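Structure, as structure tokens:
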Amino acid sequence: MSLQPKRVDFVRQSAPVLAAIAKLLSPDTKGKLTKVEWHLLFQDVYVLCTALPEALTVPLHLAVLEFLRAHVRSICEELKQMTGSALLRQYRHRFAVYVRGSTYINDAFRYFNQNLPKSDGVDTIEPFINTAMAVWRDELLAGLGSALIAVVFAEIEKDRSEPLGDELWVVRDTLLSLVRVHETDRGPRPALELYKSLFLDDFLHRTSAFYKADSAKALATLDCAHYLKYAEDRLQEESHRAAKILHDSSIGTVREACEAALIREHVAVVKAELSGFFARNEQDNLRRAHRLLQCDRGGRTALIAAFEEHLVNQGKALLPDLSSVTPDRLVEAIGDLHRAGKRMASEVFSSDQLMMDALSRACRAIVNRSTGPSSLGAELLARYCDTALRKKDAAELNSDMFLVFGFLEDKDVFQKCYIRSLARRLVHMLSASFEAEEQVISRLRKECGSEYTNKMQRMFTDIALSETLNAEYADYERTHSLGARAVPARYFVLQTGAWPIGPSPTAPAVPALLSPAITSFETFYKAKFFGRKLCWLHHVSTADVRAVLGGRFFEFKVTIGQLAVLMQFVDADELPADSVMAHLNAGSDSERVIASLVAARLLTPTPASGAPARSRHRGSILTSGPAVTYALNTKYSNKHKKVKLTTLLQKESSAEIPQVQREVDEDRNLFLQAAIVRIMKARKEMNIDDLMREVVAQCKGFAPHVPQMKKCIEILIEKEYLRRQDADKRILVYVA
């Protein structure tokens with residue numbers, strides 16, 4: 001074959017081309033050509049496209065276009081004689097032959113497609129495959145499309161009643177042909193235009209109407225639980241059907257239409273039954289409701305609210321009243337509630353984060369539930385920590401304790417209570433393990449930052465430094481041969497700003513036995529640290545007293561006040577009450593000191609009348625009066641050799657709780673005022689509502705209340721840090 005352009009007879013040269021096209025598009029020949037025929041087809045197309053004096057590309061295009069139109073019209077007339085599923089099967093067959101033949105011909109027309117005539121750089125005619133698809137669309141689908149789609153709808157209706165199985169592939173190929181005829185288009189027209197206009201829009205409408213009617217019938221005969229099962233089955237069936245027959249882009253749209261008809265139309269019925277599902281623990285129904293209600297925001301919100309309400313009710317059943325709950329019970333109940341809720345969220349709700357958030361809100365509501373101004377949850381948790389850290393095994397503290405701590409809103413109240421109990425444990429050496437104490441502080445630091453645990457860390461530092469200081473003082477005593485010290489002592493030097501312990505107006509008088517030791521240590525300390533001042537805290541000091549009573553040896557741990565009382569009975573077995581009280585110098589605490597010794601059966605009171613009398617101190621024996629005397633119980637007995645008498649006096653008194661709350665309120669007010677000033681200094685001018693929202697965002701340790709923030713704003717206005725705008729009183733202005 002010569003590649004040189006030459007003059008040709010168009011009719012004679014194009015006839016074999018059209019004959020080859022006819023053979024490739026014929027269903028009888030199955031689109032096959034011999035090698036010679038393929039070679040001649042390529043040659044004839046090339047000769048026509050390179051003909052002299054002018055290429056015959058356009059005449060060839062017109063001739064092929066006319067042939068294709070005639071061929072497709074004949075197919076259309078053939079299909080019009082058919083109906084039902086036979087029409088779809090024949091259409092599918094003829095379209096498959098047409099696409100396969102057109103693809104082969106497009107390869108033979110490669111030179112034709114690469115050398116299309118142009119006008120202003122744009123092809124004036126389409127490549128062969130584009131022309132072939134356009135002819136099928138315009139000549140066949142324009143006239144037969146509605147009939148084809150009607151049969152498609154009929155087949156889908158049949159499948160909804162009784163599955164058709166593999167016959168649905170015929171429907172799928174028919175529908176995908178609507179997309180195939182546009183896939184080679186060039187230009188802005190989308191490939192799914194015909195598919196949507198001819199089929200999808202009508203199909204969505206029909207599907208929605210079908211399931212609205214079908215779901216109404218089902219709901220008339222089924223309860224909510226069975227209806228959910230019905231709706232889930234229907235959705236699954238329709239989703240599988242859509243995956244079999246529809247274009248991938250429309251599967252989600254069809255599911256949305258089904259969900260709207262099956263779920264959104266009847267969501268009120270489902271919402272009304274959610275509480276019952278939770279009450280009866282019907283996990284299958286809840287699991288199904290969770291899956292189905294994902295399509296409806298209102299239903300999903302109702303499910304989350306029902307789950308949260310269910311958990312809150314469970315929490316209230318476990319903890320009816322926090323004021324009567326023990327610390328152990330609080331931590332145990334919240335741990336059980338959280339584990340049960342987490343298990344349900346995982347197994348029933350597929351670990352949905354929104355359900356996990358509802359679980360956290362429910363636990364938070366239970367922990368922070370309080371009938372008064374005090375934060376009972378925070379106080380109970382601090383007491384739980386105190387008890388656990390006094391035990392030998394505090395390993396459980398790092399699990400449930402920090403779970404409950406995470407739900408606390410008033411973390412500043414917990415901080416105050418925890419620091420107080422930590423101070424008692426450190427000063428009285430009640431901690432079971434310093435390592436456990438440090439682990440707790442480390443976890444608190446991770447949760448709330450270093451500022452939260454700053455005082456706690458300084459308290460530990462003081463204890464460590466005190467150990468070193470006691471060792472140095474021992475060397476000092478040996479070096480100076482001090483013999484004035486009558487009793488061995490251990491000293492704790494504490495920083496004023498770090499410890500929640502201060503001088504007490506009711507501090508007991510120091511027994512003369514301890515004075516030399518105190519004076520000696522003061523001399524040592526002042527020589528070592530110039531300018532520092534020691535303030536003795538005798539009301540928190542303790543002493544070990546050894547005594548022989550009833551023929552047995554005992555060792556009592558007592559407070560300084562108790563020591564002052566007991567030392568009076570060294571030389572006398574019985575003393576008047578006024579004499580005992582005079583040596584205490586402890587104000588109102590003197591009665592508590594003596595009452596503790598009476599309760600421990602070390603002292604025996606004798607009232608004037610000879611009969612027991614009650615005082616105002618919780619039923620304790622009368623502790624004063626001119627005719628009342630106290631006698632040392634020389635027949636004292638106890639199965640323990642070592643006896644703690646400090647327990648009663650070292651317990652947190654009921655007056656300390658309001659004091660903690662007052663301190664917390666003062667700290668909060670200062671924090672809020674500082675935050676308000678800081679924000680206003682940066683913004684200069686701000687709406688009061690926006691200001692309060694920003695203040696809340698900065699409060700990490702507690703949840704401020706609106707009245708509290710408004711009070712702080714008024715205080716700052718009085719102090720002339722802020723002023724209200726004259727035109728709008730809701731606008732605050734920072735005063736420089």
Side-chain angles (χ1 to χ4, degrees), residues 382-383 385-387 389-390 415-432 434 437 455-456 458-467 469-470 473 487-515 517-519 521-522 525 532-545 555-567 583-597 600 642-660 663:
R383 285 164 53 192
C385 295
D386 184 42
T387 303
L389 287 168
R390 291 174 186 237
Q415 180 192 34
K416 290 284 185 184
C417 296
Y418 186 85
I419 287 177
R420 284 176 175 270
S421 61
L422 175 63
R424 283 192 293 272
R425 291 195 302 275
L426 294 179
V427 169
H428 300 299
M429 295 177 287
L430 300 175
S431 293
F434 268 49
E437 296 275 9
K455 286 187 178 181
M456 305 176 198
R458 288 166 64 189
M459 290 162 69
F460 270 95
T461 302
D462 286 350
I463 295 298
L465 292 176
S466 295
E467 293 291 338
L469 193 64
N470 276 280
Y473 179 62
V487 291
R490 185 177 186 180
Y491 303 90
F492 292 105
V493 180
L494 314 178
Q495 299 180 62
T496 303
W499 292 74
I501 305 172
S504 173
T506 59
V510 181
L513 182 67
L514 300 180
S515 296
I518 293 174
T519 303
F521 184 81
E522 283 184 339
Y525 192 82
R532 293 188 184 181
K533 182 180 179 182
L534 288 176
C535 179
W536 293 92
L537 306 177
H538 298 303
H539 60 290
V540 294
S541 300
T542 61
D544 293 333
V545 177
E555 184 174 318
F556 299 100
K557 181 175 282 295
V558 297
T559 65
I560 296 299
Q562 292 171 331
L563 176 65
V565 172
L566 293 176
M567 291 301 295
H583 283 80
L584 276 177
N585 188 29
S588 60
D589 275 355
S590 59
E591 291 190 9
R592 289 181 65 226
V593 171
I594 297 177
S596 67
L597 296 174
K642 294 185 177 181
V643 183
K644 274 189 178 182
L645 301 181
T646 60
T647 307
L648 177 63
L649 297 179
Q650 287 176 356
K651 284 184 178 178
E652 186 174 35
S653 67
S654 59
E656 286 189 51
I657 300 299
Q659 181 183 351
V660 169
E663 291 178 3

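Nothing fancy with the numbering, it's 1 onward along the sequence. Predicted model only: the values in this text are computed from it and were never measured.
- You'll find the side chain of V540 stays beyond 4.5 Å of the side chain of R424, heavy atoms only.
- Under the 4.5 Å side-chain criterion, counting only non-hydrogen atoms from C-beta, P511 is in contact with I560.
- For E555, there are no side chain to side chain donor-acceptor pair (under 3.5 Å) partners two or more places apart in sequence or in a different chain.
- Although no hydrogens or angles enter the test, the distance criterion places no donor-acceptor pair under 3.5 Å between the side chain of N470 and the main chain of R490.
- A donor-acceptor pair under 3.5 Å is absent between the side-chain atoms of E663 and the main chain of K416, judged by distance alone.
- Heavy atoms only, all atoms of each residue included: I501 and V427 are closest at CD1-CG2, 4.1 Å.
- Rounding to the nearest 0.5 Å places CG of L563 at 11.5 Å from NE2 of H538.
- In this structure, T387 OG1 and L430 CG are separated by 11.0 Å, a value rounded to the nearest 0.5 Å.
- We find the CG-CZ distance between L465 and R458 to be 12.0 Å, quoted to the nearest 0.5 Å.
- Taking the salt bridge (Lys or Arg N to Asp or Glu O under 4.0 Å) definition, one finds that K455 meets it with nothing, sequence neighbours left out.
- F492 is linked by a ring-ring contact (aromatic ring centres under 6.0 Å, His included) to nothing, counting only residues two or more places apart in sequence or in another chain.
- Salt bridge R390/D386: present, at least one basic N to carboxylate O contact under 4.0 Å.
- Counting heavy atoms from C-beta outward, L597 and L566 have side chains that approach closer than 4.5 Å.
- Between I419 and M456, the closest side-chain pair of non-hydrogen atoms falls below 4.5 Å.
- Annotation for S596 and Q562: closest pair OG-NE2, 2.9 Å, computed over non-hydrogen atoms.
- A cation-pi contact, defined as under 6.0 Å to the ring centre and within 45° of the axis, links R425 to Y418.
- Ring geometry, Y491 versus W536: the interplanar angle exceeds 60°, so the pair is classed perpendicular (tilted spans 30 to 60°).
- How far OG of S541 is from CG of L514: 9.0 Å, rounded to the nearest 0.5 Å.
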Steps toward side chain to side chain contact (heavy atoms under 4.5 Å, CB included) verdict (L426, F434): CA-CA 9 Å; L426 294 179; F434 268 49; 3.8 Å; yes
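- Side-chain contact between V565 and V558 is absent, with no heavy atoms from C-beta onward closer than 4.5 Å.
- To the nearest 0.5 Å, atoms CG (L494) and OG1 (T461) are separated by 12.0 Å.
- Note: L422 CG to E437 CD = 5.5 Å, rounded to the nearest 0.5 Å.
- No donor-acceptor pair under 3.5 Å is formed between the side chain of T646 and the backbone N or O of T559.
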